[in-house]
Enquirer: 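First the structure, which I've put down as structure tokens, then a few questions once you've had a look.
From a predicted model like this one, the values you see are computed outputs, not experimental measurements.
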Amino acid sequence: QVQLVESGGGLVQPGGSLRLSCAASGFAFSIYTMSWYRQAPGKQRELVATITTGGRTNYADSVKGRFTISRDNAKNTLYLQMNSLEPGDTAVYYCSRTVGGYWGQGTQVTVSS
């Protein structure tokens, strides 16, 4: 049974940092491309970042230079390091395995002073 469990969200001031984690289980994590998405209130879910099995990354223009996606295949864990956070980054962040359409439950990130 595929499970994706996000953690690490919270309330942070503008300019601050957070690191999100996504613990994966129930499948061979290392052979799948993984992604982070986010959904702000009243908006559609959007792709934030993707990392392939070979470590190639891709980012939404809005987060380039501020966010870093990474993975630890030995720990079956996906990460999203978020720096220089802005109020516009406020959203629920979801971990996803696109193949098969699997999603975690999401973790709330709120950027506010």
Side-chain angles (χ1 to χ4, degrees):
Q1 180 182 356
V2 173
Q3 284 196 319
L4 300 169
V5 180
E6 301 96 336
S7 61
L11 173 64
V12 62
Q13 292 187 341
S17 298
L18 283 174
R19 188 174 84 153
L20 306 183
S21 299
C22 171
S25 60
F27 66 101
F29 178 76
S30 64
I31 67 170
Y32 286 93
T33 291
M34 299 294 296
S35 299
W36 286 99
Y37 286 76
R38 68 185 181 186
Q39 188 166 19
K43 294 187 177 181
Q44 289 190 331
R45 193 170 295 188
E46 63 172 348
L47 178 63
V48 175
T50 297
I51 185 166
T52 68
T53 56
R56 189 167 67 248
T57 58
N58 192 44
Y59 297 93
D61 287 343
S62 59
V63 306
K64 278 181 182 175
R66 300 189 297 121
F67 290 11
T68 302
I69 188 172
S70 62
R71 64 192 299 162
D72 185 336
N73 290 333
K75 295 183 178 180
N76 289 344
T77 303
L78 180 71
Y79 301 101
L80 186 68
Q81 177 67 44
M82 306 186 294
N83 298 329
S84 302
L85 283 161
E86 304 167 353
D89 295 317
T90 296
V92 178
Y93 284 72
Y94 298 91
C95 169
S96 174
R97 193 192 92 178
T98 307
V99 174
Y102 293 99
W103 300 86
Q105 83 289 349
T107 186
Q108 176 70 47
V109 172
T110 302
V111 184
S112 175
S113 55

Enquirer: Among pairs that include at least one residue of residues 1-93, which meet disulfide bond (SG atoms under 2.5 Å apart), considering only residues two or more places apart or in two chains?
Expert: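 Pairs touching residues 1-93 that pass the test: Cys22-Cys95.
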
Enquirer: Consider only side-chain heavy atoms of I, L, V, M, F, W and Y, link residues closer than 4.5 Å, and tell whether Leu4 and Val99 are in one cluster.
Expert: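 Yes, because Leu4 and Val99 connect within a single hydrophobic cluster, where side-chain heavy atoms sit under 4.5 Å apart.
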
Enquirer: Do the non-hydrogen side-chain atoms of Thr33 and Thr50 ever get within less than 4.5 Å of each other?
Expert: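 Result yes, sub-4.5 Å side-chain heavy-atom pair found.
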
Enquirer: For the CD1 atom of Ile69 and the CD atom of Gln81, what is their distance to the nearest 0.5 Å?
Expert: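 Interatomic distance, Ile69 CD1 to Gln81 CD, rounded to 0.5 Å: 12.5 Å.
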
Enquirer: Is there side-chain contact between Met34 and Phe29, with heavy atoms separated by less than 4.5 Å?
Expert: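 Sidechains of Phe29 and Met34: in contact.
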
Enquirer: Verify, without hydrogens or angle tests, whether Thr77 (side chain) and Ala23 (backbone) share a donor-acceptor contact under 3.5 angstrom.
Expert: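 No; judged by distance alone, with no hydrogens or angles, the pair does not exist.
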
Enquirer: Using 0.5 Å steps for rounding, measure from the OH atom of Tyr79 to the CG atom of Asp72.
Expert: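 One gets 5.0 Å once the value is rounded to the nearest 0.5 Å.
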
Enquirer: Quick one: closest heavy-atom pair of Val5 and Gln105, and the distance?
Expert: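 Heavy-atom minimum between the residues: CA-OE1, 3.7 Å.
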
Enquirer: Nearest 0.5 Å please: distance from the CE atom of Met82 over to the OG1 atom of Thr68.
Expert: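 Spacing of CE (Met82) from OG1 (Thr68) equals 11.0 Å.
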
Enquirer: How long is the straight-line distance from CZ of Phe27 back to CD of Gln3, given to the nearest 0.5 Å?
Expert: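 Here the interatomic distance stands at 10.5 Å.
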
Enquirer: Can you find a heavy atom in the side chain of Trp36 that is under 4.5 Å from one in the side chain of Phe67?
Expert: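 No, every pair of side-chain atoms sits at 4.5 Å or beyond.
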
Enquirer: Can you see which heavy atom on Ala40 is nearest to which on Ala91, and at what distance?
Expert: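 Reported closest heavy-atom pair: N-CB, 3.8 Å.
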
Enquirer: Can you list, pair by pair, the side-chain donor-acceptor contacts under 3.5 Å of residues 42-49, counting residues two or more places apart and other chains?
Expert:
| unit_1 | atom_1 | unit_2 | atom_2 | d |
| --- | --- | --- | --- | --- |
| Glu46 | OE2 | Arg38 | NE | 2.6 |
| Glu46 | OE2 | Arg38 | NH2 | 3.2 |

Enquirer: For residues Arg66 and Leu85, report the shortest heavy-atom separation together with the two atoms involved.
Expert: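 In terms of heavy atoms, the two residues are closest at NH1-CA, 3.9 Å.
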
Enquirer: Of all the heavy-atom pairs spanning Ser113 and Pro14, show the shortest one and how long it is.
Expert: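 Closest approach of Ser113 to Pro14: N-CD, 3.7 Å.
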
Enquirer: With rounding to the nearest 0.5 angstrom, report the OG to CG distance, Ser7 to Leu20.
Expert: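 Between atom OG of Ser7 and atom CG of Leu20 there are 8.0 Å.
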
Enquirer: Taking all heavy atoms of Gly104 and all of Tyr94, pick out the closest pair and write down the distance.
Expert: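 Heavy atoms of Gly104 and Tyr94 come nearest at O-CD2, 3.6 Å.
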
Enquirer: Is Val12 reachable from Val63 through a run of I, L, V, M, F, W or Y residues, each pair having side-chain heavy atoms under 4.5 Å apart?
Expert: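 The answer is yes; both residues are in one hydrophobic cluster.
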
Enquirer: Looking at side-chain heavy atoms only, is the closest gap between Tyr93 and Glu6 below 4.5 Å?
Expert: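 Of all side-chain heavy-atom pairs linking Glu6 with Tyr93, none is under 4.5 Å.
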
Enquirer: If hydrophobic clusters are built from ILVMFWY residues whose side chains come within less than 4.5 Å, do Val92 and Leu78 share one?
Expert: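 Result: no, two separate clusters.
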
Enquirer: Looking at every heavy atom in both Ser84 and Ser17, which two are closest together, and how far apart are they?
Expert: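 Closest pair (atom of Ser84, atom of Ser17, distance): N-OG, 4.3 Å.
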
Enquirer: Taking the side chain as every heavy atom from C-beta outward, state whether Leu11 and Ser112 have any pair of such atoms under 4.5 Å apart.
Expert: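 Yes, at least one pair of side-chain atoms sits under 4.5 Å.
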
Enquirer: Identify whether Tyr32 and Val2 are in the same connected component of the hydrophobic contact network (ILVMFWY, side-chain heavy atoms under 4.5 Å).
Expert: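 Yes: a chain of side-chain contacts under 4.5 Å links Tyr32 to Val2.
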
Enquirer: When rounded to the nearest 0.5 angstrom, what is the spacing between OG1 in Thr52 and CG in Asn58?
Expert: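 Output value for this atom pair is 10.0 Å.
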
Enquirer: Hydrophobic clustering (ILVMFWY, side-chain heavy atoms < 4.5 Å, transitive) - are Leu18 and Ile51 grouped together?
Expert: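 Yes: a chain of side-chain contacts under 4.5 Å links Ile51 to Leu18.
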
Enquirer: By side-chain hydrogen bond (donor to acceptor under 3.5 Å, both in side chains), which residues pair with Asn73, not counting sequence neighbours?
Expert: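 In terms of side-chain hydrogen bond (donor to acceptor under 3.5 Å, both in side chains), with neighbours along the sequence ignored, Asn73 is linked to Arg71.
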
